[in-house]
Number of protein chains: 2
Amino acid sequence: MGQIVYLKKCDIFRIKNMLRDQNDTIAAIATPLGEAGISVIRVSGVRAIEITDSVFKGKASLRGALSHSIHFGRIADPIAGLIDEVLVSVFKKPHSYTGEDVVEISCHGSHYVTAKILETVIGKGARMADPGEFTQRAFLRGKLDLMQAEAVADLIHSKTALAHRASIEQLNGSLSISIHAIRQKLIDLCSLLELELDFAEEGIELTDHKRVESFFDETITDLEILINSYKYGRIIRDGVKAVLAGAPNVGKSSLLNILLKQNRAIVSDVPGTTRDVIEEAILIEGIAFRLADTAGLRKTSDLVEQEGVRRSRNQISGADLVLLLIDSSEIITADGLDIILDVVQRFSDKVLIVLNKVDIMHPEFSLNSFEACERISISCISGQGIDLLTKKMMQQVISNCDPTSSSVQIQSERHRDLLKKTLTSVIAARSTLLENLSGEFIAVDLRAALNYLGDIIGITTPEDVLHNIFSKFCIGK
Amino acid sequence: MGQIVYLKKCDIFRIKNMLRDQNDTIAAIATPLGEAGISVIRVSGVRAIEITDSVFKGKASLRGALSHSIHFGRIADPIAGLIDEVLVSVFKKPHSYTGEDVVEISCHGSHYVTAKILETVIGKGARMADPGEFTQRAFLRGKLDLMQAEAVADLIHSKTALAHRASIEQLNGSLSISIHAIRQKLIDLCSLLELELDFAEEGIELTDHKRVESFFDETITDLEILINSYKYGRIIRDGVKAVLAGAPNVGKSSLLNILLKQNRAIVSDVPGTTRDVIEEAILIEGIAFRLADTAGLRKTSDLVEQEGVRRSRNQISGADLVLLLIDSSEIITADGLDIILDVVQRFSDKVLIVLNKVDIMHPEFSLNSFEACERISISCISGQGIDLLTKKMMQQVISNCDPTSSSVQIQSERHRDLLKKTLTSVIAARSTLLENLSGEFIAVDLRAALNYLGDIIGITTPEDVLHNIFSKFCIGK
């Protein structure tokens, strides 16, 4: 028990130390860059109101402004003169995003004006914010826990309804609640075991070993469910990488086109997004399938073509799902069969065999060789089998992860890895219990588990890990 | 005088009529599209607060909110559930951008979230705003005159300090003041002349013809100064199109590179802008020079090359400034000379002859043929003459327009054309006066002039012109 209190004191000291370094005022453009009606420059820190006020001319000084109030006025610079007519929103600590005094300057959405206002604010003593620094401050001031802060980045990048749902729920704290619940159970157990240690010399045994054992089993199950939810969580967040493979001229590009036409590209209703996402993405039941067409697979002596085939193989091995196309209008050659069998054998768990051109199937075409595999017949000309294909694609993907097993999904590799470490420590603690070793040994493993869980929500997370998390944010968030 | 009052009544009726059509509530994304900290959805109209309140869950209803207040809460949809945590800013009419009730919803800067919130607001009865419709409403409700509204678009697209200055001053009303001043003078004169008409039957002559004549002269001078300011105003707003022309291999691309290196590209400090502006742009004394490299000019029988030469000639004829490069390290051939003289003769007012490679000038190279032209010697290798070249480029450009002649600059072709028409009418009125015709005839021309000036500031502007102006805005402004 004493050990746990010590850890907490240590954390508070560490966070206070980080905050001391952060007493300067930061500023950044918070809206996307581009030309539009409005841009917003965000300023946060002890001098946020004072600095903005020094370049702002409105009806009254911002220093007397109430929290959550908006003020019309002008931003001017001693040299450049009038920069823009703006609206300034004032948020007073702790009732702001960061928990500090925050000012948001809403100006005309011009590159020049936006950059100039930021420059003016920096000139008056604000510092250019690092990526994610506003959210990092919100975390350090206790406005969000680490999982919620991470959810902000996921939310911004979410592109599908499912990805959005998962990140808004994480921001809302539903994952934090699960982690806190497991952590609290472990803390209670730890206390119990440490209490027992205090009385051990007197020969009193307080804990019921059977109860502790079943408690361990419960915790292990909880952790396993969360860890397993990552498979589905990752698919929700990042989508499925599906590769179209097969010999040349089997209809890979035709299939790509027909799939794209049937399942509207996920981002087509938001103009301007296609430049930074993979363009060939389709939605099947809310999951983004990122389709990659590949060079035809065949044995060849042509060096350039060999390189193409090599790349196709790389694509296949990195894929979540492989649609292996076979042209059923022709008899498969021995070479062709070799290639197909090679792919099927090496990647059997993610290959879906797609027999194309079944409307003109060769009378002697034989399916004998692929009996053991999941397969489906289609025709890109008649459209036959395409609906069924998308259903099979979805089935293949979720067959490895049960979406219904957990109400929340882990979406981050960091969380999964820490949960795995937690699980290992809890399993070790249980073994120690079963071996009837002293409670002291069990407590060592439990404390390790507590630390791992603390790392997830940001209580005990090392500074370099924190830095790494926030550096992946965009500037202005 | 009666005529003028009639016109005004007519305008008020027209504007009221337009407003009646605009009693619906509009919504749009007001920030650029992209992933960032914040996006803003703007809602304006009689139901703006009611509609937002119906999807918003905060501490209290927005219906009771004070103007210029900010409210933290959540936007939720009956089907999608929680969409985001947001800040809602409330502006009550008439103290808003449009003069109507306005709500700005500030959410996480995610494509998905932003589009979803807009969708939810539209689902509750708002209509997707047309391009520029918020500013159009601001104009119709008298928050801005038409010149100021047009300045908003220019401000958003401004890329240099000078362009920004001109548009912020126009937004600030300095051009409107000039136009209003001229208009007021004409209205006063019109009243005077019409008053005289009323007393004409009694043989009383109220106006001093000499005074009226000198008044006309003043107004004509004022109009001419404004019209002439367009040349410089256009250069400020759109920059200068400078074409690098000459025979193949005279050093056009070397010159382009050296100019780009010396005069930092104007947009390099604003990331993300290069995709929609011409990339080879340099700043000289605050003016953007958009440099276009061209295919070498020479007589050729090659069809593809002929097409290249044809395009070069098109570039030259559309340019504001032509840098005609000549390689001084070689003697010019007869064919080469023909081509140079052809360009010089046809575009003498905008050609600057640039003798390149003067560090290795051929001893027999002769400049006799170009004595009548402005010319400058440079070396792209040693850098000799480059500073002087940029000075000459600037001189050449401003030699046709005196930047100091007017404190304000007309930047829009529409304004220039209407000012020209105003000028023509005022000149006609003066002629009528000098011909000693009745004041009635003078008044006809003056009323035409007043209408043209009214069109500029939006008092008498036809609806289709208004529509055309605002349709060039971005959506959300």
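Just so we're on the same page: letters track the sequence lines, and every chain starts at 1.
From Ser158(B), atom OG reaches atom NE2 of His111(A) across 10.0 Å, with rounding to the nearest 0.5 Å. Here Ile38(A) contributes atom CD1 and Phe134(B) contributes atom CZ; the two are 8.5 Å apart, rounded to the nearest 0.5 Å. Taking CZ of Phe72(A) as the start and NE2 of His95(B) as the end, the distance is 12.5 Å to the nearest 0.5 Å. The distance from the CD1 atom of Ile156(A) to the OG1 atom of Thr114(B) is 9.5 Å, given to the nearest 0.5 Å. How far OG of Ser67(B) is from CD1 of Ile70(A): 7.5 Å, rounded to the nearest 0.5 Å. The distance from atom OH of Tyr112(A) to atom CG of Leu162(B), rounded to the nearest 0.5 Å, is 8.0 Å.
For the options His108(A), Lys116(A), His164(A), heavy-atom pairs under 4.5 Å to chain B are most numerous at His164(A). For the set Val152(A), Leu171(A), Ile168(A), the count of heavy-atom pairs under 4.5 angstrom toward chain B peaks at Ile168(A). Chain A forms more heavy-atom pairs under 4.5 Å with one residue of Pro32(B), Ala153(B), Ala28(B), Ser110(B) than with any other, namely Pro32(B). Between chain B and the options Leu155(A), Leu87(A), Asp84(A), the largest number of non-hydrogen pairs under 4.5 Å is found for Leu155(A). Note on Glu169(A), Arg42(A), His157(A): by heavy-atom pairs under 4.5 Å with chain B, the leading option is His157(A).
Shown here is Lys143(B), whose NZ atom has more than 12 heavy atoms of other residues, nucleotides or ligands within 6.0 Å. The neighbour count for Lys92(A) NZ, taken as heavy atoms of other residues, nucleotides or ligands under 6.0 Å away, is above 12.
With a threshold of 4.5 angstrom between heavy atoms, Phe91(A) approaches chain B through side-chain atoms but not through N, CA, C or O. For Ile83(B), the parts lying near chain A are the backbone and the side chain together; criterion is any non-hydrogen pair under 4.5 Å. Interface residue Glu104(B): only side-chain heavy atoms are found under 4.5 Å from chain A.
By the salt bridge (charged side-chain N to carboxylate O under 4.0 Å, His left out) test, Asp53(A) is found to be paired with Arg63(A), residues two or more places apart in sequence or in another chain being considered.
Contacts between residues 470-477 of chain A and chain B, defined by a heavy-atom separation under 4.5 Å, are made by Cys474(A), Gly476(A), Lys477(A).
The closest side-chain heavy-atom distance from His68(A) to His68(B) is not below 4.5 Å.
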